[in-house]
2 protein chains.
Amino acid sequence: MQKAPIERDTRQKRAIRDVFEQTGPPLSIDDVLATAKAKIAGLGIATVYRAVRALTDEGFLQAVDLPGRLTLYERADKGHHHHFLCTTCEAVYELDGCTTEVKGALPRGFHATGHDVTIYGTCAACGRTKRSAPKREGRGRV
Amino acid sequence: MQKAPIERDTRQKRAIRDVFEQTGPPLSIDDVLATAKAKIAGLGIATVYRAVRALTDEGFLQAVDLPGRLTLYERADKGHHHHFLCTTCEAVYELDGCTTEVKGALPRGFHATGHDVTIYGTCAACGRTKRSAPKREGRGRV
DNA sequence: GTCGTTGCAAAGCGTTTGCAGCCTA
DNA sequence: TAGGCTGCAAACGCTTTGCAACGAC
């Protein structure tokens with residue numbers, strides 16, 4: 001049987017982990033690269049992909065897959081929650097707590113172990129400025 | 001102002017539309033290409049992409065974006081429903097009707113216009129055969 | 001010193017686009 | 001016949017991988 005290699009503690013991995021420890025909303029690979037580059041000049045994108053994959057495998061991160069967008073990543077220790085996607089400004093918000101109830105029975109023989117919910121609509125900022133959208137590639141915590 | 005060009009009725013478009021008219025579960029681009037090729041030998045993948053995009057724009061199709069999978073497409077006239085993703089055999093099932101209730105208030109100023117729900121778990125087939133999964137790249141209607 | 005990790009560049013994969021010829025209206 | 005549509009191949013954007021040099025232990 002294969003024995004798992006011992007994982008090493010490098011500057012790069014530490015920096016990438018730090019990015020997620022200091023940030024709330026879900027981040028894209030590019031976000032992580034940009035932020036971590038502030039600490040480590042020559043950081044390569046492949047390293048970010050590898051580190052994020054490793055952190056996801058070990059359960060520190062989880063992927064946030066929203067329709068039609070790049071995969072984002074966020075800490076896995078935030079507890080069960082869902083995301084709100086503003087259809088005007090494209091921002092992604094986190095909705096604390098699970099506001100969704102899957103009611104009614106599944107078909108016979110089916111067993112649910114989890115669910116993903118994405119709610120679409122207009123965020124507070126876009127609701128206020130009815131005219132042109134803020135159009136920021138932003139995200140927020142709610 | 002730009003005037004929209006008049007859309008032509010071609011064999012290719014008809015064949016691609018037919019694929020969706022004769023099929024229940026969501027299809028990938030490759031599914032559509034494979035099926036439509038039975039009718040039109042030299043059909044190119046670019047044509048499938050263009051036709052599916054056009055059919056989506058005109059409201060005949062809608063995209064089904066499930067985490068970690070290719071985008072699938074299904075007829076838009078099926079009414080509001082969600083999808084069940086079997087984590088064992090990877091099959092996608094349609095759940096008729098909306099079995100989900102988004103309760104609780106959104107944060108102040110937020111307005112919801114829609115939602116997507118994906119339920120994960122084990123399908124009836126995989127629940128039965130506890131051992132190795134059927135591992136079909138299949139889908140079903142429930 | 002060993003061997004996991006890094007950064008670069010190339011490859012991979014799904015999707016889009018440019019273009020010359022085709023075919024519908 | 002006009003001009004939208006097609007199939008091909010190239011381009012594209014994101015992600016993964018091969019590899020030699022690097023550096024943690």
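Order of the sequence lines sets the chain letters (A, B, ...), proteins ahead of strands, with each chain counted from 1.
Nearer the 5' end of DNA chain C, as judged by each residue's closest nucleotide, is the contact made by A:A51, out of B:T71 and A:A51. Nearest-nucleotide positions on DNA chain D for B:I6 and B:L43 put B:I6 closer to the 5' end.
The shortest distance between side-chain heavy atoms of B:L55 and B:D57 does not fall below 4.5 Å. Side-chain contact check for B:H111 versus A:C123: every heavy-atom pair is 4.5 Å or farther apart.
In this structure, the side chain of B:T87 engages the main chain of B:G121 through a donor-acceptor pair within 3.5 Å.
Note: A:I16 CD1 to A:I40 CD1 = 7.0 Å, rounded to the nearest 0.5 Å.
The side chain of A:T47 places an N or O atom within less than 4.0 Å of a non-bridging phosphate oxygen (OP1 or OP2) of C:dG7.
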Which atom pairs, one a donor and one an acceptor, fall under 3.5 Å between side chains of residues 45-54 of chain B and the rest of the protein, sequence neighbours left out?
none

Can you give each donor-acceptor pair under 3.5 Å made by side-chain atoms of residues 5-14 of chain B, sequence neighbours left out, with the distance rounded to 0.1 Å?
from  : atom 1 : to    : atom 2 : distance (Å)
B:D9  : OD1    : B:R14 : NE     : 3.3
B:D9  : OD2    : B:R14 : NE     : 3.4
B:T10 : OG1    : B:K13 : N      : 3.3
B:K13 : NZ     : B:R8  : O      : 3.0

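Residues meeting the side-chain hydrogen bond (donor to acceptor under 3.5 Å, both in side chains) test with A:R17, sequence neighbours left out: A:E58.
For an aromatic pair to be called close, the ring centres must be under 6.0 Å apart, and B:F84 with B:Y120 fails this. Checked against the 6.0 Å centroid criterion, the rings of A:H115 and B:H82 do not qualify as a close aromatic pair.
Between the side chains of B:Y73 and B:D31, no donor N or O sits under 3.5 Å from an acceptor N or O.
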- line: Quick tally for nucleotides 16-25 of chain C: nucleotides whose base has a protein heavy atom under 4.0 Å get B, sugar-phosphate-only ones S, the rest -, giving BBB----BBS
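Taking five base pairs at each end of the helix from C:dG1-D:dC25 to C:dA25-D:dT1 and finding the rotation axis that steps the C1' atoms of four pairs onto the next four gives two axes whose angle is 30°, to the nearest 10°.
Atom-to-atom, CD of A:E58 to P of C:dG4 comes out at 17 Å; the value is rounded to the nearest Å.
From the 5' end on, the contacts that DNA chain D makes with chain A at under 4.0 Å to a non-hydrogen atom open and close at D:dC14 to D:dC25.
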